[in-house]
Chemist: 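Before I ask anything, let me first share the structure, which is written out below as structure tokens.
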Amino acid sequence: MTVGKRKVAVVGVALSDCGRVEDATPYSLHAQAARRALADAGLDRSRIDGFASAGLGTLAPVEVADYLGLRPTWVDSTSVGGSTWEVMAAHAAEAIGAGHANVVLLAYGSTARADVRAGRRTGTYAFGGRGPLQFEVPHGHTLIAKYAMAARRHMIEHGTTIEQLAQVAVQARANAALNPEAMFRTPLTVDEVLSGPMIADPFTKLHCCVRSDGGAAVLLAAEEYVRDCRTDPVWILGTGEHVSHASMTEWDDFTVTPAAVSGRLAFERAGVTPAEMDFAQIYDAFTYMTLVTLEDLGFCAKGEGGGYVEKGRLRVDGGDLPVNTDGGGLSSQHPGMRGLFLLVEAVRQLRGEAGTRQVRRRDGDLPRLGVASGTGGWFCSSGTVVLGRS
């Protein structure tokens, strides 16, 4: 993506310890992921002049930057749920391209699972009862229920079946089986997904993401810094962002998400099409999110997502479009705002560092283009990033 006179590349990515992490704090997970991303890039911490973070503390980028020993001259604390990190990557790329920063660190860490187990917090069923949400909370509008309502509308309007939604979970688990870092790797069947305890109709337990601990970090840099890095650059080719509604009553169509806009913008700005993508990393707190985002990004027509996800199309081992190649939030890890993990996995795939889950083109070559698309709130926001290697 060229803004001003400079291209922007991802030069370092890393995860902290993930899954079941009992003896860490969110701050320490931020730091662990950041140190590993710097080591991955081969850059010194002193090069960082931009920092972006959200979800921790009263003043997230201030508190976390201070903990990391950073004094950035460019900061971003945009918080739009799971799509935060794709939106932040877009903002960082624009800032670097325009010369407002040279090297920007995006960092996240959460002990969501450990906090619940230790009684430090309860499960997040709703976002609160103030503002527009006050009119929905009395009716039992939990976060999960909102996604379930959207999925049911798609089923009614387009004939999508519960078996097709279950296929998303089955194929995510097949990809996770290839990832030694994934929390759950035992193969699933459609029947096992359908027979689980009901959470919010039509979602049973395995239609929903796992709850984990973990952190991630991504380092972006201007093109002139690439030669100082130990890794091959992965270029930011195009980005898009969009927000659509605050409450379900203001959502015009439950079957169309903000990714329909953010995806179109990202592909247009990158000068590529969905058909050219070698893989997709899609936010998957619930199975329906994967299916409807595939439609909205343009991988299939509206209403055809159910048929598209059948027959193993999303699998690393033989699928037409490998999706969530690490196992996604459904099987690998989901500590909260998971959008940064999508970028880490996309970069690893493009650099050929994904091990047994490595995607290959039909000619055997490494992937050249990929897309990461995050969703926030209850389909309220979306950020999409198209990435490519030289």
Chemist: Among pairs that include at least one residue of residues 146-171, which meet ring-ring contact (aromatic ring centres under 6.0 Å, His included), considering only residues two or more places apart or in two chains?
Modeler: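 Output for this query lists Tyr147-Phe286, Tyr147-Phe379, His154-His158, His154-Tyr288.
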Chemist: Run the side-chain donor-acceptor check on residues 334-344: report pairs under 3.5 Å with partners two or more places apart or on a different chain.
Modeler:
{"residue": "His334", "atom": "ND1", "partner": "Gly336", "partner atom": "N", "Å": "3.4"}
{"residue": "His334", "atom": "ND1", "partner": "Gly336", "partner atom": "O", "Å": "3.2"}
{"residue": "His334", "atom": "NE2", "partner": "Tyr283", "partner atom": "OH", "Å": "3.3"}
{"residue": "Arg338", "atom": "NE", "partner": "Gln333", "partner atom": "O", "Å": "2.6"}
{"residue": "Arg338", "atom": "NE", "partner": "Gln333", "partner atom": "OE1", "Å": "3.1"}
{"residue": "Arg338", "atom": "NH2", "partner": "Asp326", "partner atom": "OD1", "Å": "3.4"}
{"residue": "Arg338", "atom": "NH2", "partner": "Asp326", "partner atom": "OD2", "Å": "2.7"}
{"residue": "Arg338", "atom": "NH2", "partner": "Gln333", "partner atom": "OE1", "Å": "2.7"}

Chemist: Among residues at least two apart in sequence or on other chains, which ones pass salt bridge (Lys or Arg N to Asp or Glu O under 4.0 Å) with Glu241?
Modeler: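 With neighbours one apart ignored, the set is empty.
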Chemist: Is it the case that over 12 heavy atoms from other parts of the model lie below 6.0 angstrom from the CZ atom of Arg360?
Modeler: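 Yes, the 6.0 Å shell around CZ holds more than 12 heavy atoms from other groups.
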Chemist: Of Leu387, Thr231, Leu219, which is the lone residue that meets side chain to side chain contact (heavy atoms under 4.5 Å, CB included) with Val10?
Modeler: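 Only match with Val10 under side chain to side chain contact (heavy atoms under 4.5 Å, CB included): Leu387.
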Chemist: Going by an N to O cut-off under 4.0 Å, is there a salt bridge joining Asp365 and Arg368?
Modeler: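 The answer is yes: the pair qualifies as a salt bridge.
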Chemist: Quick one: which of Arg315, Gln281, Arg357 gives a side chain to side chain donor-acceptor pair (under 3.5 Å) with Thr325?
Modeler: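 With Thr325 as partner, Arg315, Gln281, Arg357 yield a single side chain to side chain donor-acceptor pair (under 3.5 Å), made by Gln281.
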Chemist: Tell me every residue that passes ring pair (Phe, Tyr, Trp, His ring centres under 6.0 Å) with Tyr27, counting only those two or more places apart in sequence or in another chain.
Modeler: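 Checked Tyr27 against ring pair (Phe, Tyr, Trp, His ring centres under 6.0 Å); matches are Tyr67.
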Chemist: What's the separation between atom CG in Leu105 and atom CG in Asp49, rounded to the nearest 0.5 Å?
Modeler: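 Here the rounded value is 11.0 Å.
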Chemist: With a 4.0 Å cut-off on N to O distance, would you call Arg152 and Glu157 a salt bridge?
Modeler: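 So Arg152 does not pair with Glu157 through a salt bridge.
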Chemist: So, the side chain of Asp76 versus the backbone of Ala52: is there a donor-acceptor pair under 3.5 Å, distance only?
Modeler: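 A pair under 3.5 Å: no.
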Chemist: Below 4.0 angstrom, N of the basic side chain to O of the carboxylate: do Arg351 and Asp232 qualify?
Modeler: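 No.
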Chemist: Looking at Glu224 and Arg47, is any side-chain nitrogen of the basic one under 4.0 Å from a carboxylate oxygen of the acidic one?
Modeler: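 Salt bridge between Arg47 and Glu224, a charged N being under 4.0 Å from a carboxylate O: no.
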Chemist: Looking at His30 and Gly109, would you say the former's side chain and the latter's main chain have a donor-acceptor pair under 3.5 Å?
Modeler: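 Confirmed, His30 side chain pairs with Gly109 backbone.
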Chemist: Between Asn175 and Arg185, is there a side-chain donor-acceptor contact under 3.5 Å, judged purely by atom types and distance?
Modeler: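 No, because no side-chain N or O of Arg185 sits under 3.5 Å from a partner of the opposite role on Asn175.
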Chemist: Among Thr375, Val323, Thr384, exactly one meets side chain to side chain contact (heavy atoms under 4.5 Å, CB included) together with Thr293. Which residue is that?
Modeler: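 One option only clears the test, and that one is Thr375.
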Chemist: Applying salt bridge (Lys or Arg N to Asp or Glu O under 4.0 Å), can you list everything that pairs with Asp253, at least two apart in sequence or on another chain?
Modeler: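 In terms of salt bridge (Lys or Arg N to Asp or Glu O under 4.0 Å), with neighbours along the sequence ignored, Asp253 is linked to no residue.
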Chemist: Checking Arg361 against Phe279: charged group under 6.0 Å from the ring centre and within 45 degrees of the axis?
Modeler: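 No; the conditions do not both hold, so Arg361 does not lie above the ring face of Phe279.
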Chemist: Using atom types as modelled and distance alone, determine if a side-chain donor or acceptor of Gln32 lies under 3.5 Å from a backbone N or O of Gly215.
Modeler: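 Side chain of Gln32 to backbone of Gly215, a donor-acceptor pair under 3.5 Å: no, none is there.
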Chemist: If you measure from CD on Glu86 to CG on Leu106, what distance do you get to the nearest 0.5 Å?
Modeler: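 It comes to 9.5 Å.
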Chemist: Could I get the full list of side-chain hydrogen bond (donor to acceptor under 3.5 Å, both in side chains) partners for Glu304, not counting sequence neighbours?
Modeler: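 Partners of Glu304 by the side-chain hydrogen bond (donor to acceptor under 3.5 Å, both in side chains) criterion come out as none, since no residue qualifies.
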